[in-house]
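Letters A, B, ... are given to chains in the order of the sequence lines, protein chains preceding strands, and every chain is numbered from 1. Computed from a predicted structure; not experimentally measured.
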Amino acid sequence: MVFTTDSTFAESVPAPAAPPKTIKLPPREWIKQNLFSTPFNSVLTVLFGALIFAAWRGLLSFTFSHERSWDAVATNLRLMFTAAYPQEQFIRIWVCIGFILGLAAITVGAYAVASRVRVHFLAERTMVFGGVIGVSGLLAPFSTSATVWYIVIGFGLLLPGIAARTQIDEEATLPLMGLLGIAFALPVLSLWVIPYGHHALLDGELIAEPGTVARSSSGPWTVVLIISYALYLLVAKVMNPSAQARLKRAVVGIWLVSPLFLVFIILRDPAFDYDHIASVQVPLFLAYAILGGALLYWLTKPGVGEIGRIVAATVLLAAIGTFLFSAFGFGGMRQIVRILALALAAFALLAPTFSGEQAARRRYVRVWVITVLGLVWFVTAANSPSTVATLSDWFPGGFSVTLMVATFTLILSFPLGVVLALARTSKMPIFRVMSTFYIEIVRGVPFITVLVFFAIMVPLFLPSNMEISQIAAVVVAYSLFSAAYMAENVRGGLQSIQAGQHEAAEALGMTGTQKTVFIVLPQALRASIPPLVGQTIGTFKETSLLAIIGVFDFLFVARTLIPTQTFFLGSLKEGLLVVCLTYWFFTYNMSKASQRLEQRLGVGER
Amino acid sequence: MTETAGNPVRDLSQAADMIMCDGVSKWFGDFQALDGITATIKEQEVVVVLGPSGSGKSTWIRCINKLEHHQEGQIVVDGVELTNDLRNIEMIRSEVGMVFQQFNLFPHLTVMDNITLAPIWVRKKPRSDAEDMARALLERVGIPEQAEKFPGQMSGGQQQRVAIARALAMEPKVMLFDEPTSALDPEMIKEVLDVMKELARSGMTMMVVTHEMGFAREVADRIIFMEEGQIVEVGTPEHFFTNPTEDRTKLFLSQIL
């Protein structure tokens, strides 16, 4: 998270042409012009200033009141974030955190090597931060010595900030990466030094002792920090530019695929049966990769013409046939064979769109091979027994389940939503009617109904030999529901494309698919970023509804579990505040990220 | 501007037919936009279509690459009749370049990508060839240095020249221009017309809907005058501007000249 939040103020250097400097007013002039320009505005300023003051004071006296028992949260942090995940398996979670931060470091290294931050920007933030700390010290119900400490720290930040703001040249900059490294390293180092206190519930015993946090927390964070920084240095300093460029393209794909693999590491760690894999999965993969690849290489040849269309349609029919005619001797067929046949049909039908020179054809085949590999791995992994000992189906819980459900819902519902939107705007009545029907049904049903249906009813309807874990059912429910709303957002984007764009693409002889892929969708998705992000944030927060079907989600832990623990009877408010702030932190960063994405893609400047 | 005397009349009677329209009619609801249009455009010929607004000029030119569907009559482009067969339409469209009044560049792509997209994916050209060609075309329309810009960063005249380059990149046999200068500021009209004149001289078959009388007089081999969905008068610029036969043509000329 460090990387996404802090790069807000990143400025790419060298800038192509310096924009004209905005004239900075001296503070007194600025206050006069912006806060007290008219008598009415002065009244408003005073009124709202008082309001902010009162709210801030209220929050502080709530937080630092003697009635608060923050031990309740500190002791239960593990419960709030990972619920009943077996403690001896925590190394898996650290591996995932390390992977994500390492990938983030590689991404930053490949993309933002030259970014720099203006010293003035930092100085202003430091001044504001120091000021807030100082004022908070005065407002909060502290003892005298604590108040003095707060004021000293506040001034300790304010004064260097002012000094830097006035003494250092406006154009001066610092490297972003050094600052990010420090911003990440300081909290991690503080784990070793500052006595945050050590809290734990061990076998019903409450351990609450002063001193630094347990080494089982500070150790892994330090290792992760060192690995991330080493990866960054490797990418940014050691690698040559052409390798960096290749890496840039690869990281986007890795980001998209990695959640799937990470969840498997955390939840299952499948125990592969290697003999079986060698005798069944590997030949299957090779057959589809080689034969399918050869077929696609031929189909993408320019001018393959009518025969290509016939072959692609035949593959589609055969694929559908494997699903339909299980009664006629195909019953023993492996599901993966059918899934791959369907995927091959999709690739074959799209082949004319992506046909072209040899390099383009090889790329298409490469994408196919990777798709086959991913599908075979996924199905094999899902079918292998898990090695992670679990207490129940619901051992993931707390904030981790929020993150997991939200991430998967986003990944699954986005493509589905785009397909639904395209179908709804399609010229083919059958697609239009089906899509409209689906969207209107879903939008007409309360989400809780869908959730309960999928969590409780769907497992009952499944054939007896087929099992679906409750979390998978829930993710499907969230995805199907969210997709309908996403479809409406994307449809708005599709409709905002001017007729001229369609005409220009058609006049160049593009096929319908080419027009959609290259011209319409990129623009439509760009235009629908704000509502799509709103929908994503909504889904993220709606995960708290999981409590209804008995999942120990983040909110549920804070609201119901902690206040019933013997040691912390009735400590409700502390947990709720932490939950609020955590949700806020994530949603705020999501909307910040989307704003940057919009700027990058230039939504406003057409 | 030395050619004020008009375009020297070329003998195109031996040239092959490029576009052949026979009794083309089209209705928008009850309103008849085209009423039995019959005309033939020869290879290398430059035809300018004139007429008051609402006379069906744009509708006609848009029928020729099937952006509008005609309901009666026959349109044959380069020997292929326009039917409702999709592959037929796509083939004809890739042979016929079109330049729009509103440019219709793709705003999310750079100038280079705007020009190379269709050659790469429709014509299946190798990317390097397509890019070489795009650079040559940008040189030809006079903006070689703008390849990496986005359309939103350019002036209207530059955008229209990119649009012409984009259409030329498909190596079309015919170019259709649908009021290419009507959305431009006056000082940018000339730069676009100069490109079109150069194109006409290079032997491109062109059909131009425009209100630029100077261009029509200077470049056109033939002028077709339309009103209320019908062709009223056809003739050389010489004939059309100095000695029109039809009353409606005279009225039109008296209003604009």
About how many Å separate [atom2] of [Y] and [atom1] of [X], when rounded to the nearest 0.5 Å?
X	Y	atom1	atom2	answer
B:Ile89	A:Thr511	CD1	OG1	13.0 Å
B:Phe106	A:Ile497	CZ	CD1	11.0 Å
A:Met510	B:Trp121	CE	CH2	10.5 Å
A:Glu506	B:Arg93	CD	CZ	4.5 Å
A:Glu357	B:Ile120	CD	CD1	7.5 Å

With a sphere of 6.0 Å drawn around [atom1] of [X], does it hold more than 12 non-hydrogen atoms of other residues, nucleotides or ligands?
X	atom1	value
A:Met434	CE	no
A:Ile310	CD1	yes
A:Phe431	CZ	no
A:Lys515	NZ	yes
A:Gln498	CD	no

Please classify the contact of [X] with chain A as side chain, backbone, both or neither, using a heavy-atom distance under 4.5 Å.
X	answer
B:Leu105	backbone
B:Arg127	both
B:Phe100	side chain

[X] side chain vs [Y] backbone, donor-acceptor pair below 3.5 Å:
X	Y	result
A:Gln523	B:His108	no
B:Asn104	A:Gly500	yes
B:Lys124	A:Ser355	yes

Inset, instruction - Tell me, out of A:Ala499, A:Ala359, A:Ala504, who's got the most heavy-atom pairs with chain B below 4.5 Å. - result: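 The candidate making the most pairs under 4.5 Å is A:Ala504.
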
Inset, instruction - Counting only heavy atoms closer than 4.5 Å, note whether A:Arg361 contacts chain B via side chain, backbone, both or neither. - result: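 Neither part; nothing is under 4.5 Å.
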
Legend entry - A:Glu503 versus chain B, the contacting section by heavy-atom distance below 4.5 Å: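 Both backbone and side chain.
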
Inset, instruction - With a 4.5 Å cut-off on heavy-atom pairs, point out which of B:Ser94, B:Ala169, B:Pro126 contacts chain A the most. - result: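 Heavy-atom pair counts peak at B:Pro126.
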
Inset, instruction - Could you tell me which non-hydrogen atom of A:Gln514 sits nearest to which non-hydrogen atom of B:Val122, and how far apart they are? - result: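 Taking A:Gln514 first and B:Val122 second, the nearest heavy atoms are OE1-CG2, 3.8 Å.
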
